[in-house]
Amino acid sequence: MKALVTRLDSFGDVLLAGPAVRAVAARADHVTMVCGSRGAPAARLLPGVDEVLVWEAPWGGFEPPDVSRADIDALVERVDADTALILTSFHQSPLPTALVLRLAGVRYIAADSEDYPGSLLDLRHHRAPHAHEAEAALDLAEAAGFPAPDDGRLRVRTPPRADALTGPGPYVVLHPGASVPARAWSPGRAAEAVRELAAAGHRVLVTGGPGERGLTAHVAGAHGTDLGGRTDAPTLAGVLAGAAAVVTGNTAPAHLAAAVGTPVVSLFAPVVPAERWRPYGVPHVLLGDQDAPCADSRARDCPVPGHPCLNTVTATDVAAAVEKLIAVAQPMGET
């Protein structure tokens, strides 16, 4: 059987599809994953993925392209699968993707859908109302005939060792950036947290993408180590895997940390529900006012002056959460 799994969103969204991908891979001869360019590096980390097709859907992403018949025709020609799972967030429709896959000749298509699908879906599944995104994807896979073959936690291929970047000895990672501004802690507060963690005796590594070098340099200051722009996806996985704890917002490194088994201090802005997007399957501490006025707004820019849902979180709060997670993890490491 040739199977195809689609998740057309960002890096973290694709990581959350990982348990469902492994379920499909346990029964399929070949698994292709279709995702956008932001999600492709994550897809290449997932166990069970044999091939990655990168496609920018006009109905996905932060800056979707215009509809192009030639582009859709090209994807139709590339798809070679008997069965497909379309994974979407709770507020997205799978039907445009289903139409493209049907045109490509995929015989069996399953998705979560509240909308009437006509002949576009063979399995119209209804997700549990409060399910985490990873659990919802697994539930769909099981309903489509792909039961979970393992514990269902997030997982990536074994990352490379990152000692050359991290240096010797224990460390904590702080990742100050986020995919959208509404989910980011203020740079000033992040810099305070680096100083407080360093004063408590922790080595602090500050990570970020190539476009965040100014941010990571500011946050690291004289008390942290700036790794901004120095880690691709596999290397970042290695850095996070070696950390005692990771401090980050609701963004991709939170899910990557969970996938390598590292505890997470989650600075979680409630613009999306924590029950669906919190760090999955690892010890974590959730910080941020989950009842703030921005809750469930899906805002990309904070609609409330002063960004109170996250800026009420202090460096002391973060340092205390790190100590709590390290204390919980230490006995586990000693057994």
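No hydrogens, no waters, no symmetry mates; every other heavy atom, side chains included, goes into these values. In this text, all values refer to a predicted model and were calculated from it rather than measured experimentally.
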Connected-component partners of [X] among ILVMFWY, side-chain separation under 4.5 Å:
X    : answer
Y280 : L16, F90, L154, F268, V272, W277, L286
V282 : V264
F62  : V180

Any side-chain donor-acceptor pair under 3.5 Å between [X] and [Y]?
X    : Y    : answer
D289 : T312 : no
H255 : E133 : no
H132 : E275 : no
R7   : S89  : yes

Contacts of type salt bridge (charged side-chain N to carboxylate O under 4.0 Å, His left out), residue [X], not counting sequence neighbours:
X    : result
R102 : D122
D50  : none
E192 : R189
R300 : none

Is [Y] close to [X] at the side-chain level, that is, under 4.5 Å between some pair of heavy atoms?
X    : Y    : value
T316 : E196 : yes
L240 : V173 : yes
T225 : V206 : no
Y108 : L123 : yes
L236 : L256 : yes

Legend entry - From D82, V31, L85, V79, residue fulfilling side-chain contact (heavy atoms from CB on, under 4.5 Å) relative to L4: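 The side-chain contact (heavy atoms from CB on, under 4.5 Å) with L4 is passed solely by V79 among D82, V31, L85, V79.
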Inset, instruction - Quickly, which of P94, S93, P96 forms a side-chain contact (heavy atoms from CB on, under 4.5 Å) with I86? Name it, please. - result: P94
Any pair counted as side-chain hydrogen bond (donor to acceptor under 3.5 Å, both in side chains), so long as it reaches [range], sequence neighbours left out:
range            : value
residues 20-29   : R22-D150
residues 156-183 : R161-D163, H175-T207
residues 244-254 : none
residues 52-70   : S37-E56, W55-D71, W59-T97

If you take all heavy atoms of [X] and [Y], which pair is closest and at what distance?
X    : Y    : value
P160 : P234 : CD-O, 3.4 Å
C294 : S297 : O-OG, 2.7 Å
G60  : P64  : O-CB, 3.3 Å

Inset, instruction - Test salt bridge (Lys or Arg N to Asp or Glu O under 4.0 Å) on D139 and R127 and set out the steps. - result: CA-CA 7 Å; D139 288 345; R127 71 164 60 197; over 6 Å; no
Legend entry - Transitive ILVMFWY side-chain link V313 to V247, under 4.5 Å: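 Linked, V313 and V247 end up in one cluster.
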Legend entry - Which residues share a side chain to side chain contact (heavy atoms under 4.5 Å, CB included) with A190, sequence neighbours left out: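 For A190 the side chain to side chain contact (heavy atoms under 4.5 Å, CB included) partners, ignoring immediate neighbours, are L174, P176, W185, V219.
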Inset, instruction - Output the distance between atom CE (M33) and atom CZ (R44), rounded to the nearest 0.5 Å. - result: 11.5 Å
